[in-house]
There are 2 protein chains.
Amino acid sequence: MEKEITIYDIARELDLSPTTISRALNDHPAVNQKTKQRISDAAAQMGYRSNMFASNLRKQRTNTIGLIVPRLDSPFHSAVIAGIEKVANEEGYNLIISQSLETIQKEVANARTMFDSRVDGLLVSLSFETENLDHFERFFNKGIPVIFYDRVAEHRNCTSIVIDNLQAAYKATSHLIEQGCTNIVHITGNLKRNVYADRLKGYKYALIDHDLPFTENNVITGQMTEEAGKLAAEQILAMDPLPDGIFVSNDTCAVSCLKTLKQAGVSIPKDMAVIGFNNDLTSRVVEPNLTTINYPGQEMGEVAVKVLLMQINGSSEGIPSNTINLRSDLIIRESSLKSKATTKKKSVAT
Amino acid sequence: MEKEITIYDIARELDLSPTTISRALNDHPAVNQKTKQRISDAAAQMGYRSNMFASNLRKQRTNTIGLIVPRLDSPFHSAVIAGIEKVANEEGYNLIISQSLETIQKEVANARTMFDSRVDGLLVSLSFETENLDHFERFFNKGIPVIFYDRVAEHRNCTSIVIDNLQAAYKATSHLIEQGCTNIVHITGNLKRNVYADRLKGYKYALIDHDLPFTENNVITGQMTEEAGKLAAEQILAMDPLPDGIFVSNDTCAVSCLKTLKQAGVSIPKDMAVIGFNNDLTSRVVEPNLTTINYPGQEMGEVAVKVLLMQINGSSEGIPSNTINLRSDLIIRESSLKSKATTKKKSVAT
DNA sequence: ATAGACTCTGAAACCGATTTCATACATTTG
DNA sequence: CAAATGTATGAAATCGGTTTCAGAGTCTAT
């Protein structure tokens, strides 16, 4: 186990050329079956392992995909990463991960590192601050596939993986309206990001379609953190009249908001019905249990890698699709049920 | 941006040898300062980027560290990974991540991939199933540093990063006893893993030191998942007499157990006081809020990488320490307060 | 003045796999 | 039977940095 075995050692051992060894190990058709078997056996017996660097250097390919996420310590992104790792691993690809911590500066630096690491493809979920895609230009120029998921941006030759945020928000808001809410507040994140912009639209269209007025004053934007939920609750408590429904763009924030409202003596859902987004564990823990949108994180990760690998291997010819929509569900729990209807599950996207 | 620039291109441009270019870019002392500056300027201007594969191939070093975790979608491991990524990134190291999904079979496969990827060092938190360290032998043999964190195992030349699980569990259990509990159940995970074995010991010693009997029947082992918490609660409800305190080895499981007990009509903390472990978000959401051990995940990740990098760079000579203990705190909340003491924070480890 | 030390630069070998081009031999076809 | 086709293998160039060894030029000390 001391010295590394190379194809030259195997070649010497079997009295063949390195060329043939290389071809045999790559299952090249121009090598005799019996020879292949001999070589394969010898390689295993000698404890040979391919040197990826020599191989990559020559092939100009790395078998590595890069991933840039806003935060690693988020339930949603953890689920996505778990899905990504699973598929990448199965397909024999390495995964390099880095986080932007929601800043454009780190996102740019990460993109550069990924580029220098010569990843074969890149998966990205954008930071709050990102305004444009200049830092990915080099990838586009070199034809390295880039796929955006969840927090996406439009680009001529990039595929995006999302859920139908507009429709999900529309259903959530409509559900509140059906429960009798007429004055609904929406708490959401940075509207530069499609996920929040689309949810706002869904909220707005639902109001309009049900002949309820839409007003900017009922939209609170923030960081969507635990802290932000608390602040939003305080803002809500200062409203006059008080709203009777709240639709929040993520569960962490929704739960913290709900808790703060409760502490202030608001009865949920009687005084105010609340809906979150993501179906995190906390949505099932908080009391009352939180109505929310089930967001298929793991599946989103798996799909993203699969599509990326197809693009890397050039086998995505027939599939021009620029945006892939995953299904999401409205999960109705106590926090939104003003009427005593039985809990049910509604499917809202394609 | 089409063709890649190499040091040969720069050499030709400046009428120097590739040798000098290489040395200059690596800040080798034997190159004149002015020459270095010229080269550095030209490199920047020409858009040069080093080819890591050529470099790695020659240097037999990869600037990459590997990470094997049980699950990527766990709040604790997410925090650790965030810490690891932060430091690794700052120090210019790439990170390759894979998950064992708690199986020995995947852990072995992951270790092999990491080895073939020639990582410079490896960080590992063991799976439930792992019995021995045979799959890391090749790393030991080649002198590639391996560091275990959280779920660790003893090995002559491996450093471990942990918290003092025994002491934390001892304090948690003692706190329950101080609150008047005399019949305490302990819910924990696979006792092959140090974290669970040590917590069991801490629980046991606390009982003994307070002259309370220890009995196997009060120890429930399981998968520590949401589901496992529910099952444990059912098992507890079938006990006669019912216990008056429960110490659970993680928050997810504790919360689910607490919820199930509440639904069955048990009053928390009056009938049963409950303590968890980890200080996950859910511990602050559940009602009553869960007393728990604060577990410094992010810090653990940061320390683990720092120590690993010291070992990689051979600068850890003076530091023989084989185990590094991080501080943890008992965070007292409502779920354990039978008496109406004010909430306080106790520090329990060094 | 000259050996010895010091500073800076370059030629060429090297890391280990892949790939192009050539070739030797066997087999098939007209 | 000669030409064409197919099969199996190898020599050598290549990917792009790094490193060893040698050497040229400059400076210090005896």
Side-chain angles (χ1 to χ4, degrees), chain A residues 2-40 42-44 46-64 92 94 115-120 142, chain B residues 2-40 42-44 46-64 92 94 115-120 142:
Chain A
E2 210 23 67
K3 196 190 149 296
E4 285 292 337
I5 304 295
T6 71
I7 54 171
Y8 297 92
D9 299 320
I10 303 180
R12 203 173 320 111
E13 187 75 15
L14 299 182
D15 203 25
L16 286 167
S17 77
T19 310
T20 304
I21 310 297
S22 172
R23 284 204 266 249
L25 294 173
N26 287 296
D27 206 21
H28 188 105
V31 177
N32 188 292
Q33 269 304 334
K34 278 186 199 156
T35 316
K36 268 184 197 167
Q37 192 57 53
R38 270 177 66 214
I39 292 174
S40 161
M46 295 170 75
Y48 167 80
R49 59 172 180 160
S50 169
N51 185 316
M52 295 174 65
F53 302 105
S55 174
N56 289 340
L57 173 59
R58 184 59 227 245
K59 286 196 299 194
Q60 306 283 38
R61 209 164 178 293
T62 66
N63 244 58
T64 297
N94 274 132
F115 189 69
D116 288 350
S117 298
R118 288 172 161 74
V119 295
D120 291 337
K142 274 191 73 83
Chain B
E2 212 22 67
K3 196 189 148 294
E4 286 293 335
I5 304 294
T6 71
I7 54 171
Y8 295 91
D9 299 320
I10 303 180
R12 203 175 319 110
E13 187 76 14
L14 299 183
D15 204 25
L16 285 167
S17 75
T19 311
T20 304
I21 310 297
S22 171
R23 284 204 265 249
L25 294 174
N26 287 296
D27 207 21
H28 187 106
V31 177
N32 189 292
Q33 269 304 333
K34 279 186 200 157
T35 316
K36 268 185 196 166
Q37 193 57 53
R38 272 177 65 214
I39 292 174
S40 161
M46 295 170 74
Y48 167 80
R49 60 172 181 159
S50 168
N51 185 316
M52 296 174 64
F53 302 106
S55 174
N56 288 340
L57 173 58
R58 182 60 225 241
K59 286 197 298 195
Q60 305 284 40
R61 210 161 176 294
T62 65
N63 246 56
T64 296
N94 274 131
F115 189 69
D116 288 347
S117 299
R118 288 171 161 75
V119 295
D120 291 337
K142 274 191 72 84

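The analysis underlying the following values was restricted to heavy atoms, covering all of them including side chains, and did not include hydrogens, waters or symmetry mates. Chain naming here is simple, since letters A, B, ... match the order of the sequence lines and numbering starts at 1 in each.
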**Request:** Report the residue (A54(B) or N32(B)) whose heavy-atom-nearest nucleotide on DNA chain C is the more 5′ of the two.
**Result:**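 That would be N32(B).
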**Request:** By nearest nucleotide on DNA chain C, pick out whichever of R49(A) and P29(B) is the more 5' one.
**Result:**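 It is P29(B) whose nearest nucleotide is closer to the 5' end.
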**Request:** Starting at CG of L25(A), measure out to OG1 of T20(A) and round the result to the nearest 0.5 Å.
**Result:**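 Taking CG in L25(A) and OG1 in T20(A), the distance rounds to 10.5 Å.
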**Range on DNA chain D touched by chain B - first to last nucleotide, heavy-atom distance under 4.0 Å** =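 Listed 5' to 3', the contact boundaries are dG16(D) to dT20(D).
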Exam field: side chain [X] to backbone [Y], donor-acceptor pair closer than 3.5 Å:
| X | Y | result |
| --- | --- | --- |
| R49(B) | F115(A) | yes |
| K36(A) | H28(A) | yes |
| D9(A) | T6(A) | yes |

Rounded interatomic separation in angstrom, taking [atom1] from [X] and [atom2] from [N]:
| X | N | atom1 | atom2 | value |
| --- | --- | --- | --- | --- |
| D116(B) | dG16(C) | CG | P | 15 Å |
| I21(A) | dA17(C) | CD1 | P | 10 Å |
| R58(B) | dC14(C) | CZ | P | 9 Å |
| I39(A) | dT18(C) | CD1 | P | 13 Å |
| R23(B) | dT7(C) | CZ | C1' | 12 Å |
| R38(B) | dC8(C) | CZ | P | 14 Å |
| Q60(B) | dC14(C) | CD | C1' | 10 Å |
| Y8(A) | dC15(C) | OH | P | 9 Å |

**E4(B) with R118(A): basic N within carboxylate O range, under 4.0 Å** =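 Yes.
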**Prompt:** Does a side chain donor of either S22(A) or T19(A) reach within less than 3.5 Å of an acceptor in the other side chain?
**Reply:**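 The criterion, which ignores hydrogens and geometry beyond distance, is not satisfied for T19(A) and S22(A).
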Base, sugar-phosphate, or nothing: which does [X] touch, judged by heavy atoms less than 4.0 Å apart?
| X | answer |
| --- | --- |
| S55(A) | sugar-phosphate |
| L16(B) | sugar-phosphate |
| N56(A) | nothing |

**Message:** Check the phosphate of dG16(C) against S22(A), side-chain N and O only, distance under 4.0 Å to OP1 or OP2. Yes or no?
**Reply:**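 Indeed not, no polar side-chain atom of S22(A) lies that close.
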**Request:** Please determine if a side-chain N or O atom of S17(B) lies less than 4.0 Å away from the OP1 or OP2 oxygen of dA11(C).
**Result:**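 No, no such contact exists.
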**Request:** Could you check N56(A), N94(A), D120(A) and say which one makes a side chain to side chain donor-acceptor pair (under 3.5 Å) with T62(A)?
**Result:**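 The residue from N56(A), N94(A), D120(A) that satisfies side chain to side chain donor-acceptor pair (under 3.5 Å) with T62(A) turns out to be D120(A).
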